[in-house]
Enquirer: 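Sharing a structure here in C-alpha cells format.
Both ligands and their constituent atoms are indexed starting at 1 by order of listing.
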Amino acid sequence: MIVTVTMNPAIDKTVDIEALERGRLNRISHVELDAGGKGINVSKTISKLGGKSIATGFIAGNTGGIIRGVMNDWNIENDFIEVSGETRTNTKVFEKNGELTELNEPGPTVGEKDIHALLQKLEGYAGEKTLFVLAGSVPQGVEKDIYSRIIEFVHKKGAAVLLDADGELFTKALEAGPDIIKPNRAELEQYAGIDYIASEQEILSIAEKLMEKGIGTVAVSMGKNGAMFLKENHKIKCPGLKVKAHSTVGAGDAMVAALSYSWDEGMSFQDTVRTCMAVSAGAVTTIGTKPPSREVVDSLMEQVEIEEL
Ligand SMILES: Nc1ncnc2c1ncn2[C@@H]1O[C@H](COP(=O)(O)OP(=O)(O)OP(=O)(O)O)[C@@H](O)[C@H]1O
Ligand SMILES: [Mg+2]
C-alpha cells in the first residue's frame with residue numbers, strides 16, 4: 001500500500017492574458033485549474049501507471065473541496081484532514097510574450113490538534129506493507145522536524161518511507177533514516193554545503209555518504225543528464241532519455257511515483273531503475289505536471305541505458 005502525504009497542497013491556476021497592465025482591468029482569455037502538491041502529483045502518476053495509492057494530508061475550505069473532487073475524478077482514494085482556512089491557490093499569469101507572473105497564497109495555518117489528527121491517521125495505515133511518500137513543503141504552524149517525527153514512529157510499525165523534500169525539512173528527516181530518498185542535484189549540493197555545480201563524481205560521493213547513514217535507496221535526479229541510483233552494493237548511472245521536452249516541472253515527482261510504484265510491485269532494482277527513467281522522461285513530454293500514459297512509459301523503457309559505476 002502506498003500512502004502519499006501532501007501537507008501543503010495547492011490549486012494551480014494558470015491564466016492567459018494578452019499583456020498584464022498594473023492598476024487596470026485585465027481580461028483573462030483562458031483559465032486552467034489543476035490540483036497540485038507533490039504527493040497529489042505522485043498519486044496521479046501512480047494511477048496512470050495502473051497502480052493504487054491513498055492520498056492524505058491537509059486541505060481547507062472551498063479549494064480543499066476542489067482537491068478532493070479532483071482526487072475522486074481520478075479514482076484516487078483520499079483521506080485528508082480538514083483544517084480551517086483556505087487551501088492555497090497559486091496563480092500563474094502567462095502573457096502573450098511568454099512572461100510569467102506568479103501570485104502565491106499563504107494557505108492555512110495548521111494547529112497542533114490537526115497535526116495530531118494526521119499522525120493518528122498515518123499510524124492507522126502504518127504496517128509492514130506500507131510505503132509513505134513524504135513530499136514537498138509544509139504549511140505554516142508545522143515544525144521542520146515533522147518528517148523525521150513521522151519516519152520514527154511509522155518505522156516502529158514496520159512501514160517504509162520515501163522522502164522528497166529540500167532544505168531543513170530534508171536535512172532533519174535524514175537523521176531519522178528514511179528508506180528511499182530522491183534529491184535532485186541542487187538539493188544534494190545544498191545539503192552538502194556546496195555553492196557551485198558539483199561534478200558527477202562529487203554527487204556520487206555525497207550519495208555514498210548518505211548510504212553509510214543507513215538510507216536504503218538513494219536516487220539522485222540530474223534533469224536532462226539523467227540520474228544515479230544506489231542500493232546496497234549496486235551503483236548505477238543512467239543518461240537522460242532523448243525526448244521532446246514540453247515541461248520539466250514535475251519530472252522529479254514522476255520519478256518519486258515510479259520509485260513508489262516499483263516498491264509496491266516488488267520490482268527488482270534494475271526494473272525499478274528502468275521504470276524511474278521512463279516515467280520521468282515521459283512526464284517531460286506532457287504539458288505541465290500531467291502524468292505520461294502507460295504506452296509512452298512502456299516505449300521509453302526500451303531506451304533506458306544502464307551504466308554500472
Ligand atoms: N529535459 C529532460 N529530458 C529527459 N529527461 C528529463 C529531462 N528533465 C528531467 N528528466 C528526467 O526526469 C528526472 C527528474 O528530473 P529533475 O532532476 O529535474 O527533477 P526535480 O528537480 O526533482 O523536478 P521537480 O521537483 O520539479 O518535479 C531526471 O532524472 C530525468 O530522468
Ligand atoms: Mg523535486
Side-chain angles (χ1 to χ4, degrees), residues 4-10 12 34-46 48-49 90 92 100 102 133-138 147 162-167 169-171 173 178 180-191 197-198 200 203-204 206-207 217-230 235-262 271-292 296-297 299-307 309:
T4 64
V5 182
T6 313
M7 295 214 190
N8 204 11
D12 292 321
D34 202 11
K38 289 193 175 289
I40 287 171
N41 294 340
V42 169
S43 277
K44 285 182 181 170
T45 305
I46 291 171
K48 268 277 190 196
L49 290 171
N90 293 337
K92 295 171 185 19
L100 168 68
E102 294 188 81
V133 178
L134 306 179
S137 63
V138 296
Y147 287 162
L162 190 166
L163 172 76
D164 182 15
D166 63 359
L169 269 174
F170 178 62
T171 313
I180 310 171
I181 59 172
K182 197 232 56 78
N184 64 23
R185 202 172 185 150
E187 286 158 359
L188 215 58
E189 287 164 0
Q190 193 197 11
Y191 165 75
I197 308 271
E200 288 192 7
I203 295 283
L204 176 63
I206 302 165
T217 303
V218 178
V220 185
S221 65
M222 302 183 294
K224 65 174 176 352
N225 295 320
M228 269 180 216
F229 300 87
L230 285 78
K235 286 171 204 164
I236 287 174
K237 152 94 203 279
C238 298
L241 304 191
K242 303 255 174 311
V243 289
K244 189 164 182 286
H246 269 293
S247 160
T248 58
V249 184
D253 301 345
M255 189 176 278
V256 171
L259 283 162
S260 320
Y261 175 72
S262 308
D271 286 347
T272 300
V273 166
R274 285 183 193 282
T275 308
C276 283
M277 293 309 296
V279 175
S280 60
V284 167
T285 66
T286 66
I287 295 163
T289 58
K290 261 198 174 64
V296 166
V297 171
S299 75
L300 286 170
M301 209 89 92
E302 286 158 30
Q303 261 197 52
V304 180
E305 286 169 42
I306 290 184
E307 297 168 12
L309 293 171

Enquirer: Tell me, do T45 and D253 make a side-chain contact under 4.5 Å, heavy atoms counted?
Expert: no
Enquirer: Could you tell me whether the side chain of L100 reaches within less than 4.5 Å of the side chain of K92, counting heavy atoms only?
Expert: yes
Enquirer: For M277, run the side-chain contact (heavy atoms from CB on, under 4.5 Å) check against V297, L300, V304 and tell me which one passes.
Expert: V304
Enquirer: Counting only heavy atoms and a distance below 4.0 Å, can you name the residues contacting ligand 1?
Expert: K38, K182, N184, S221, M222, G223, K224, G226, A227, L241, V243, T248, G250, A251, G252, D253, M255, M277, S280, V284
Enquirer: With heavy-atom distances below 4.5 Å as the criterion, would you say the side chains of V5 and Y147 are in contact?
Expert: no
Enquirer: Using side-chain heavy atoms (C-beta onward) and a distance below 4.5 Å, is N8 in contact with V138?
Expert: no
Enquirer: Determine whether M301 and T275 make a side-chain contact, defined as any pair of heavy atoms from C-beta on separated by less than 4.5 Å.
Expert: yes
